[in-house]
Amino acid sequence: MLSITIIGAAGYVGIELVKRLYKKKYHCIGVTNSNGFFLLKNYHIQLIKPGEYKKLAKSDIIINLAYPNKVPPLQHKSENENIFQILKHIVSENTKIIQISSQAVFGYQFEHEIVPGPVKNRHDHAYITSKIYLENRITDYFRNNEIHIIRLGNVWGPGAPAWTFGLLNKLVFGDPVGIIAKDGYSNTTDVRNIASYIEFIIENIPKQGSFYHHLSEFSHLRWSFWIDNFCKLLQLDPVYIDALLDQKTSFQKEMLSSIKGTSPVIIARHLMRGQYTGSWMRSLLAKLPYSFLSRLEQKTMSADYFPTIQNFTPRDTFMSIMSCEKQFKNHLIKGWVPEITPEESWEKIKEWMKSVGYSY
Amino acid sequence: MSDIKKTGIIGCGTVVQRTYPQVLPKVQGMDVVYVYDIDELNANKAAQIFNASVVSLEELFAGSDLVFIATPPESHFELCNLSIQAGITTICEKPFMPTFKQADEIIRTAEEKDISVYVNHFRRCYPSLSLVRKIIDTQVFGRIRELKIIEGARFNWEAHSEYISNNKYGGVIYDTGSHSIDMALYASGLDIYDCELIIDSVTRDVPEPSHEIQAQFRLSSDGNFIDCQLHLSRYQNLANKITLVMENGIIELPVGLQNKAKLTGPGGSCTVNANREFKKAAHCFAYQCHQIVHNLQTEIYKAKRFLTLTKLLEKISTYV
């Protein structure tokens, strides 16, 4: 019987995978924090805490779903190393390694070219840096093993915490769910299809080497497909904002932005607002000719005339993803067919919504 | 007299080690100087975290101006009593007491001794709650007809003991439920009464401590009963909102830290925002502590405001 170790077995995708695999001809072992013991108690698989990984034997197949998400970004590297130590302990020369990664390795707005191949380590958002790092750590170290890096689109499905639930919550309470006239590609992948594809890889003929997969079978659907479905069902009106997103940033741009607050103009504006400093400033400026003051004001007037929107900044990650104009297309092994269609996914979501208290 | 309240913490388990360090050191006017736990290891960990001294209970009561009781609920009664007898302002972790009888007794004892006892229900600081409370107080929406309380999320608390699986107060009703039910009672104004309660049905995944529970019950403060529904889960995200069905419309608020409420009437719905916000739940806890330390608007945290909640938790968790 093949042994399969799932690291991060109690996560949203992990539980779906456990549900599928434990009934079949595999010996499943889950590596999970103590909360996972409670969530997986009905599945009767062997469970081990990460700190006890030395109790684990070598595994035929390893699926790593874990990534640093409960520690501050400064600890991501050490947390990744902890995950890596577990892998080192349980990987043998014949182990098939399946590393679950993310489309985000190409940037939240796909600022980097999408290639079904290795991505160089780079400076970026903490989550992205962390994902790329672990991909490369695994492919560099386990060169002789069969490695599958599966980069997922936005994980979708009934109760998917980041997307289905997150989007619904925003819709119900009138939070903005996009930018006017920027209906982005959803680049979604249903959790059942994810589990199905992973199973497909498990059963695939073994071969040596590193393989990169991009899984986003619903990538062609715009966010409006899902939003319109939710809104029609719940009789809601989605809120869109008129805003400009910063399309591209750079180290230089961000450095300049962070010291912008110390520019003479910003300091002067700040002083003008003070009760006492404002009074002194007005006394000083009053000595200058009005024509000069008028020209100074025009030159220093802020160009930001768009209204500020609560909880939104021009680098807002959620809005970047909602207005993404690039499609994260599938790059998969031939022969796999998605288990559920968008319409079936929607039906499952509706069932979930009814069961968890959304009235319709 | 010093303006700094010397603070003692009784019970140094996961909650104290994980959450309190983000909050208590920041509260102006509070200094954690003593800790106590029956488990020496926990006590020592907490002492290190807060740069406090591990002392006996007697020393803690003798030297503190303010005491946190953060032990499991079954010891709250005894410890609150001791704290009141020692004449110390007390903040008791939620759930306040396991039984209505104990809660009532503690409240009476505290009143007799003129000692303040508060309960750590920091979600009462959520701006959405006071917003809804104010909307209801305007009476524009009329009386409450129904209450629906729904909260669930995949359990991600790193418990260091088997508490959630083995202790009868470790179930989702006491853990998540005490928060969301209290929000509903506070938003609706029912918390100021000792309400009549009739339970119609309770279903749960396992006998207590259960991890998913649904209940239907009725509450009344004046003879008119309000139909209530409850759904809590540790397995998955639920709709996570409180719905107040009123005579003239519906008010919904999220159970999370969002400073808004949704109003629905015959003509449609809109969202209203509170005019202030907190960035994190930990800030709400700190803000609540600040108010207690400086004796500002503390009525809403006083123990007597949690009688109906205590009754509800007790009756639902023991209903068969």
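Note: hydrogens, waters and symmetry copies are ignored here, and every other heavy atom, side chains too, is used. By convention in this document, chain letters (A, B, ...) are assigned in the order of the sequence lines, proteins followed by strands, and residues within each chain are numbered from 1.
Among all heavy-atom pairs drawn from B:Q258 and A:N169, the shortest one is OE1-ND2, 3.1 Å. Here the closest heavy-atom approach between residue B:R154 and residue A:P161 is recorded as NH2-CG, 4.0 Å. Nearest heavy-atom pair across B:L238 and A:F165 is O-CE1, 3.0 Å. Considering all non-hydrogen atoms of both residues, A:V356 and B:I150 come closest at O-CG2, 3.4 Å. Across A:V172 and B:K262, no two heavy atoms sit closer than the pair O-CD, 2.9 Å.
Considering OG1 of B:T264 and CG of A:L236, their distance stands at 8.5 Å, rounded to 0.5 Å. The NZ atom of A:K41 sits 7.5 Å away from atom OG of B:S165, with the distance rounded to the nearest 0.5 Å. Interatomic distance, B:S269 OG to A:L234 CG, rounded to the nearest 0.5 Å: 11.0 Å. Taken to the nearest 0.5 Å, the CG atom of B:N156 stands 10.5 Å off from the OG atom of A:S34.
Taking a 6.0 Å sphere around CG of B:D137, one finds it holds more than 12 heavy atoms contributed by other residues, nucleotides or ligands. Annotation for B:I38: atom CD1 does not count as buried by contact number, only 12 or fewer foreign heavy atoms lying within 6.0 Å. Summarising the local packing, CD of B:E40 is surrounded by 12 or fewer heavy atoms from other residues, nucleotides or ligands at distances under 6.0 Å. Summarising the local packing, CD of A:E81 is surrounded by more than 12 heavy atoms from other residues, nucleotides or ligands at distances under 6.0 Å. Heavy-atom neighbours of A:E347 CD from other residues, nucleotides or ligands within 6.0 Å: above the threshold of 12.
Contact count versus chain A (heavy atoms, under 4.5 Å) is highest, among B:K241, B:H211, B:K148, for B:H211.
Looking at B:E252, both its backbone and its side chain come within 4.5 Å of chain A, counting heavy atoms on both sides. The contact between A:I15 and chain B is made entirely by side chain atoms (from C-beta outward), counting heavy-atom distances below 4.5 Å. In this structure, chain B has no heavy atom under 4.5 Å from any part of A:F37.
Ring pair B:F155/A:F38 is perpendicular by interplanar angle, where above 60° counts as perpendicular and below 30° as parallel.
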